[in-house]
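First comes the structure, then the notes that go with it.
Here is how names work: the chains are called A, B, and so on, in the same order as the sequence lines, proteins then strands, and each is numbered from 1. Only this structure's heavy atoms are used, side chains among them; waters, hydrogens and symmetry mates stay out.
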Amino acid sequence: MDVSELLNDLNKPQRDAVAAPLGHARILAGAGSGKTRVLVHRIAWLIQAEGLSSANILAVTFTNKAAAEMRGRIEEMLGYPIGGMWVGTFHGLAHRLLRLHWQDVNLPQSFQILDSDDQQRLLKRLIRSLNLDEAQWPAKQAQWFINAQKDEGLRAANIQVGNDPYSKTMQQIYQAYEQACERAGVVDFGELLLRCHELWLKRTDILAHYQQRFSSILVDEFQDTNTIQYAWLRLLAGEQGHLFIVGDDDQSIYGWRGAKIENIQKFHQDYPQANTVRLEQNYRSTGNILAAANAVIANNSERLGKQLWTADDDGDPVQIYQAFNERDEAQYLVQMVQQWVNQGGERSQCAVLYRSNAQSRVIEEALMQAAMPYRVYGGLRFFERAEIKDVLAYLRLIANRRDDAAFERVVNTPTRGIGAATLTQLRQIARETDQTLWQTATDMVEQNSLAARAANALSGFLTLIDSLTPIDDSMALHELTQLVIDESGLKAFYSKDKSEKGQGRLENLDELINATREFMRADTEEDMPLLDAFLAHAALEAGEMQAGAWQDCVQLMTLHSAKGLEFPVVFMVGMEEGLFPGQKSAEDPMRLAEERRLCYVGMTRARKTLYLMHTESRYLYGQEMHPRPSRFLAEVPVEHCHEIRSRQPAGHLSGLTSRQQTVSENGYHPGQQVMHQKFGPGVILDTEGSGTHARVQVNFKQAGSKWLVLAYANLETL
DNA sequence: GATCAACGGCTTTTT
DNA sequence: GCCGTTGATC
């Protein structure tokens, strides 16, 4: 094969990166500069030009989605499956290593993974059992503390507390948490990496084995690595391995969860011989959008420095829209999407990006009002739903009786007469004897140390779990799941709830059975019990599992979740001081810089048209604010933008007018003649509610009777 | 054990 | 202003 083909359709810097000599390399890849392409080509290059075996390569990403995409594109390029290559997330790869070496890291073979919610529940119980005031020591804060320590590679014993009562207590909680996890044989996300790192430090023979095997390590989104992840990489690379890291310091937006933007500079110090290649040609956005984004990010100091450019046309100027209030903002956005659609565009090519999830509501209302399909990204994922986690907890307990978190979750779910008093006693004895809840419960039942009723209930639960546990692997996973759902009483429990919510839960349970039926163990997990593999999958890939047909929908998401995506039309809403950047971020230069990078990420998502929107008035947390336009707007050079102010059609959109309407009981009464722009003349039949939710029922001559939300209807009185 | 009122919190998210 | 959690009550 002629390897030069691999370089044919690449630009000069891309070629330099792909064909870099074997050794360390640092690729600074601007937004839309073909980053994934370079990674994929580099891997092909390593195999075809450098003669590496795919088994010598390890590629790390942050999300499962990115890992799956990379694997797919490599296989497509090479034309054959790359079984021996390790491609995965940091957590996925660490998990794989721990499964292989469970004995060396002191874990039960069936160890389970605690997700964020499990972790928080466990901490809550521990804080209670330590007799600490829950109001003063919220589980959430302890969780944050512990995860931050683990991200730094620190165990409870390694923390310098000094005389500070805060860290002292936190350390105490951390310590109790470590013990609880140990006893239950569970690990949290941070633990996967930490434990793996410790394994390598302790067992140099094991480390040497992997160092020898993975001579080439490629890392995506390197600017998002935290301390332990970088340490993990350096350890694995050792003296001989080659690190090929790709990142963009301007797109580092996860500092608040431990990502160390400075790792990208540190890399340069740690590996001074590494080549640095800058990918600055952008293949995504028009000239105006790029110039605007460049100008904004230029206000950050301490950048490694990149100047994106495009061979593309200038395109339209960036549209800056000043609205009266958030409803006007939403309405204008809807109009612009409509315009795009009328010109032959698709709704799914339009994305609405906001700083915080709470902002989606007003937009959703406006979209609904216009009967425009949309999809909101983010929110609860499938495997994180309560009813799903209930079933998973049963399965976890079946797989591993030591799993206290799972025990706690389902021992009385659905209620089976095991009361708070029994549980308190159970927990206390378990703590005193340093045993698992399961073991303690078994002992208590055997020793008859409980009142008859409680003993019956508890023993019923223990028998239930035992009876659900398959004796051999003749039972399919979905049959087991079905059995658990039926026999546990969860099905009956949720069936009682006739509300829409309850019905949805039942459907989710069916969906879970489907998921188990379709679940395929990865080749690498062949020697792992199917149930364990499935549970790990559920924890590590909580999954979007977005049901629903793939309609042509407007895409709504936070700026954070837009990273890595691109859309022809992008609306960035709520560009106001106090919101974006947020109040707290504005006061701290480091955080402000991160907000600015977030702005840069948002702007560079747009291919053709970018709308930056802000309002003069906005309801936030039940209060009306009059925010200043975001400083980021002022950083967009005038020559690249076009400002639009909301015209004031019939005065119905301004905050002032809608308040007047509210005060005067909306000003409508049955029998009144009104005129609607689309539906024509009609007569008011009824009115309902007040304020922004006020609605009127109108009988239109042509369109018949309709309920309309006053705030949107734009009715004229006749 | 279920139901309801009072209370507090409130960027951003993956694994 | 909304939502989830908690505590009191029947």
Using a 4.0 Å heavy-atom cut-off across all strands, classify [X] as base, sugar-phosphate, or nothing.
X	answer
A/Ser585	base
A/Phe62	sugar-phosphate
A/Asn64	sugar-phosphate
A/Gly417	sugar-phosphate

Output yes when at least one side-chain N/O atom of [X] is less than 4.0 Å from OP1 or OP2 of [N], else no.
X	N	result
A/Ser116	B/dT13	no
A/Asn357	B/dT12	yes
A/Tyr254	B/dT15	no
A/Thr89	B/dT15	no

[X] side chain: which of [options] is closest?
X	options	result
A/Glu595	B/dT11, B/dT15, C/dC2	B/dT11
A/Lys124	C/dT6, B/dT13, B/dT11	C/dT6
A/Arg381	B/dC10, B/dT15, B/dT13	B/dT15
A/Arg128	B/dT11, B/dG1, C/dT6	C/dT6
A/Leu540	C/dG1, B/dT15, B/dT13	B/dT15

Hey, is [X] close enough to [Y] for a salt bridge, meaning N to O under 4.0 Å?
X	Y	value
A/Arg597	A/Asp249	no
A/Asp118	A/Lys389	yes
A/Arg73	A/Glu69	yes
A/Arg631	A/Glu595	no

Find the distance [X]:[atom1] to [N]:[atom2] and express it as a whole number of Å.
X	N	atom1	atom2	value
A/Leu380	C/dC3	CG	C1'	13 Å
A/Gln120	B/dT15	CD	C1'	16 Å
A/His560	B/dT13	NE2	P	7 Å
A/Asp117	B/dT15	CG	C1'	14 Å
A/Tyr621	C/dG1	OH	C1'	11 Å
A/Trp144	B/dT11	CH2	C1'	14 Å
A/Arg355	B/dC10	CZ	P	15 Å
A/Leu559	B/dT14	CG	C1'	17 Å

5′-ward residue of the pair A/Trp256/A/Arg416 relative to DNA chain B: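 Its nucleotide being nearer the 5' end, the pick is A/Arg416.
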Contact nearer the 5' end of DNA chain B, comparing A/Arg591 with A/Phe493: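 Between the two, 5'-proximity favours A/Phe493.
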Aromatic contact, A/Phe407 with A/Tyr394 (centres under 6.0 Å):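 No, the ring centres sit 6.0 Å or more apart.
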Over all atoms of both residues, closest heavy-atom pair of A/Phe189 and A/Ala539: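 What the structure gives for the nearest pair is CZ-O, 3.5 Å.
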B/dT12, syn or anti by chi within 90 degrees of zero: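 B/dT12: anti.
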